[in-house]
Structure formats: C-alpha cells, structure tokens
Student: 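Before we start, here is the structure in question, set down as structure tokens.
Computed from heavy atoms alone, side chains included, the values below leave out hydrogens, waters and symmetry copies. Here is how names work: the chains are called A, B, and so on, in the same order as the sequence lines, proteins then strands, and each is numbered from 1.
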Amino acid sequence: MLTKKQTIDAIDQIQEMFPEAECELIHSNPFELLIAVVLSAQCTDALVNKVTPKLFEKYQSPSDYLNASQEELEQDIRSIGLFRSKAKNIQKLAASIINDFDGQVPKTRDELIGLAGVGRKTANVVTSVAFGEPAIAVDTHVERVSKRLAICRWKDSVLEVEKTLMKKIPIERWSDTHHQLIFFGRYHCKAQSPKCNDCPLLEMCREGKKRLKGKS
DNA sequence: AACTCGGGGCA
DNA sequence: TGCCCAGAGTT
C-alpha cells in the first residue's frame, strides 16, 4: 500500500490532470442537491442535468413531490433510467423530510442515510457539497482508482476504502480529492480500457504495470 | 454476496 | 447491437 506521502504525491499528479474537477450537478440549495444526487445513481451527472432544470422548476419543495402522483413523477424523470424506484424513493424521502425534519434537509450523515434512496455515498456528497462538512464519497470510480493505485487494499470494503482515504489525505483536501478521483476514474483510469500507456502515474501503479506487461 | 432496476452513452 | 454505468434496496 502507498504511504501517506506517496498517496499525496499521486493526488497531486491527478490534480494536474483535472485541476478544475468539481461537483457538476446543477443545484441551488441542499434539497435540490439531495434530489440530484439520488437521481444520479447509476447514471452520469450530465444525464441528470438534462432533467433537473425543468424538474426543479416544477417541484420546489418536498410537498410538491408528495402532491404529484407517482406516475407523473416517473414521467418527469423517465429519461435517466431506474425511474420507478427513484420516483418512489423521492416521494418517501420527501415525506420523511416533512414529518421527521420539519421540512429541512438533515445535516448529519446518519440522518441522511436513514432517508429512502440515500446511501453512504449520497450522504457524503450532500454533507460535503451542501454543508461544507468534509467527506470523501466512495463511488465505483473512487474505489477502483484507489485500489489500482494501491492507496488501499484490493479486498477492502467501501467503508475501509473511505477510512483509508480519510487517514492518508489531509482533511482540507478531501472535497477536491473526491472530485479529482472521480474525473480521473471516469475519463482516464476507466474501468474497461484505462489509458495506462498515457498515464503519469504508471510508475507508481501496480495495476498499470501488470496491464501493460500482459498486453505486450 | 448476489440480484435487480433501466434508459442513455459509447464502442 | 451489445455492453456498461457518478447506487441502493431486497432476499
């Protein structure tokens, strides 16, 4: 596994590749962000952003989602996929916010995770982006990159990956690192065909060396 | 731990 | 065309 210093070196190099990486989801308040992140499960931010402008114009509060029929909400988010479960979860989530949190998006991770459709990743993004609470949301990209670079162990669970990242990266960099790892994973260190032959991190990457050896 | 949801993106 | 995907819930 990489040491703290090696990890930070790697993050520095990734930052040079994606200096302006940040959350791309369109939102103007915590509630909109929460909805956008819930919608983003298993699809890209760009896809969610095609739907949310109209969606947020039509539904501005939790009660607006509750007043719509489930079928109507499904139609409004149909183009992003998984729309049935997402519509159902959003209505349950809206009800919880009204009944249990006085209409406000809760600010702690534990409270957020209790909401329908909100898992550890969504909770981390919301606390981090909306409430400035440092967190590293481990999605499939962050997990894959962390394992390929040996920042963590191959067999680590998502929770262990998160703990390792938080231990090795200074807290003031958590938020930036999160987005940089995602961009790196999405556009360069891709799941299927990573660009190992054009990667500044190849020297310190076990997986990349293995991969190139196997090819040639 | 494995399975499911699902339309869009991309090779 | 066919395969994969910025997850979470259920069994």
Student: Taking everything shown except A:Glu71 itself, do over 12 heavy atoms lie less than 6.0 Å from its CD?
Tutor: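 Above 12, so yes.
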Student: For A:Arg186 and A:Lys92, take the nucleotide of DNA chain C holding the closest heavy atom to each; which residue's nucleotide lies nearer the 5' end?
Tutor: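 So the residue in question is A:Arg186.
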Student: Can you list every pair that meets side chain to side chain donor-acceptor pair (under 3.5 Å) and has a residue in residues 90-105 of chain A, with sequence neighbours left out?
Tutor: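 Not a single pair qualifies under side chain to side chain donor-acceptor pair (under 3.5 Å).
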Student: Restricting to pairs with a member in residues 116-140 of chain A, which pass salt bridge (Lys or Arg N to Asp or Glu O under 4.0 Å), not counting sequence neighbours?
Tutor: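 Every pair satisfying salt bridge (Lys or Arg N to Asp or Glu O under 4.0 Å) with a residue in residues 116-140 of chain A: A:Arg120-A:Glu162.
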Student: Considering only heavy atoms, which members of residues 108-131 of chain A lie under 4.0 Å from some atom of DNA chain B?
Tutor: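 Those residues: none at all.
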Student: Using whole Å, what does the distance between atom P of nucleotide C:dG7 and atom CD of A:Glu162 come to?
Tutor: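 My rounded result for the distance is 15 Å.
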Student: Roughly how far, to the nearest 0.5 Å, is the SG atom of A:Cys199 from the CZ atom of A:Arg211?
Tutor: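 One finds 11.5 Å between CZ of A:Arg211 and SG of A:Cys199.
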Student: Taking 4.0 angstrom as the limit, do A:Glu160 and A:Lys163 come out as a salt bridge?
Tutor: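 No, this pair does not count.
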Student: In residues 13-43 of chain A, which ones come under 4.0 Å of DNA chain C, going by heavy atoms?
Tutor: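 Here the set is A:Glu24, A:Ser40, A:Ala41, A:Gln42, A:Cys43.
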Student: Any chance you could lay out the side-chain contact (heavy atoms from CB on, under 4.5 Å) test for A:Val105 and A:Leu112, step after step, and finish with the verdict?
Tutor: CA-CA 8 Å; A:Val105 178; A:Leu112 284 164; 4.0 Å; yes
Student: Could you list where the contact with chain A starts and ends along DNA chain B, reading 5' to 3', using a 4.0 Å heavy-atom cut-off?
Tutor: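 Reading along DNA chain B, I get B:dC5 to B:dG9.
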Student: By the side chain to side chain donor-acceptor pair (under 3.5 Å) test, which pairs, at least two apart or in different chains, include something from residues 175-196 of chain A?
Tutor: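 Non-adjacent pairs meeting side chain to side chain donor-acceptor pair (under 3.5 Å): zero.
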Student: Could you check which residues of residues 138-156 of chain A get a heavy atom under 4.0 Å from DNA chain C? Sort them by number, please.
Tutor: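 Heavy-atom contacts with DNA chain C come from A:Thr140, A:His141.
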Student: Which residue pairs pass the ring-ring contact (aromatic ring centres under 6.0 Å, His included) test with at least one member in residues 130-159 of chain A, sequence neighbours excluded?
Tutor: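 Listed once each, the pairs would be none.
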Student: Taking the P atom of each, how far is C:dT1 from B:dG6, in whole Å?
Tutor: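 After rounding to an integer number of Å, I get 25 Å for this pair.
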Student: Once you round to the nearest 0.5 Å, how far does OG1 of A:Thr7 lie from CE of A:Met204?
Tutor: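 The distance works out to 9.0 Å.
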Student: Please list all pairs meeting side chain to side chain donor-acceptor pair (under 3.5 Å) that have one or both residues in residues 25-39 of chain A, counting only residues at least two apart or in different chains.
Tutor: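 As it turns out, the side chain to side chain donor-acceptor pair (under 3.5 Å) pairs with a partner in residues 25-39 of chain A, which skip direct neighbours, are A:Ser28-A:Glu32.
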Student: Looking only at the aromatic ring of each residue, does the gap between the centers of A:Tyr65 and A:Phe31 stay below 6.0 angstrom?
Tutor: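 Centroid distance A:Phe31-A:Tyr65: below 6.0 Å, so yes.
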Student: Looking across every strand, which nucleic acid part, if any, lies under 4.0 Å from A:Ala46 by heavy atom: base, sugar-phosphate, or nothing?
Tutor: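 No contact.
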Student: By ring pair (Phe, Tyr, Trp, His ring centres under 6.0 Å), which residues pair with A:Phe56, not counting sequence neighbours?
Tutor: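 Testing A:Phe56 for ring pair (Phe, Tyr, Trp, His ring centres under 6.0 Å), a comparison that skips the adjacent residues, returns none.
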Student: Taking salt bridge (Lys or Arg N to Asp or Glu O under 4.0 Å) as the cut-off, I'd like each qualifying pair that reaches into residues 72-84 of chain A, sequence neighbours left out, listed once.
Tutor: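 Qualifying pairs: A:Lys58-A:Glu72, A:Lys58-A:Asp76.
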Student: Return the residues of residues 77-89 of chain A meeting this criterion: a heavy atom under 4.0 Å from some atom of DNA chain B. Order them by number, or give none.
Tutor: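 Residues of residues 77-89 of chain A that come under 4.0 Å of DNA chain B are, in numerical order, A:Arg78, A:Ser79, A:Ile80, A:Gly81, A:Leu82, A:Phe83, A:Arg84, A:Ser85.
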Student: Could you give the distance from OG (A:Ser146) to CZ (A:Arg148), rounded to the nearest 0.5 Å?
Tutor: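 Answer rounded to 0.5 Å: 11.5 Å.
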Student: Do A:Glu143 and A:Thr140 have a side chain donor and acceptor closer than 3.5 Å?
Tutor: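 Looking only at side-chain atoms, A:Thr140 and A:Glu143 do not form any donor-acceptor pair under 3.5 Å.
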Student: Suppose you measure atom P in C:dG7 against the same atom in B:dC10; what distance do you get, rounded to whole Å?
Tutor: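 Going atom to atom, P in each nucleotide, I get 16 Å.
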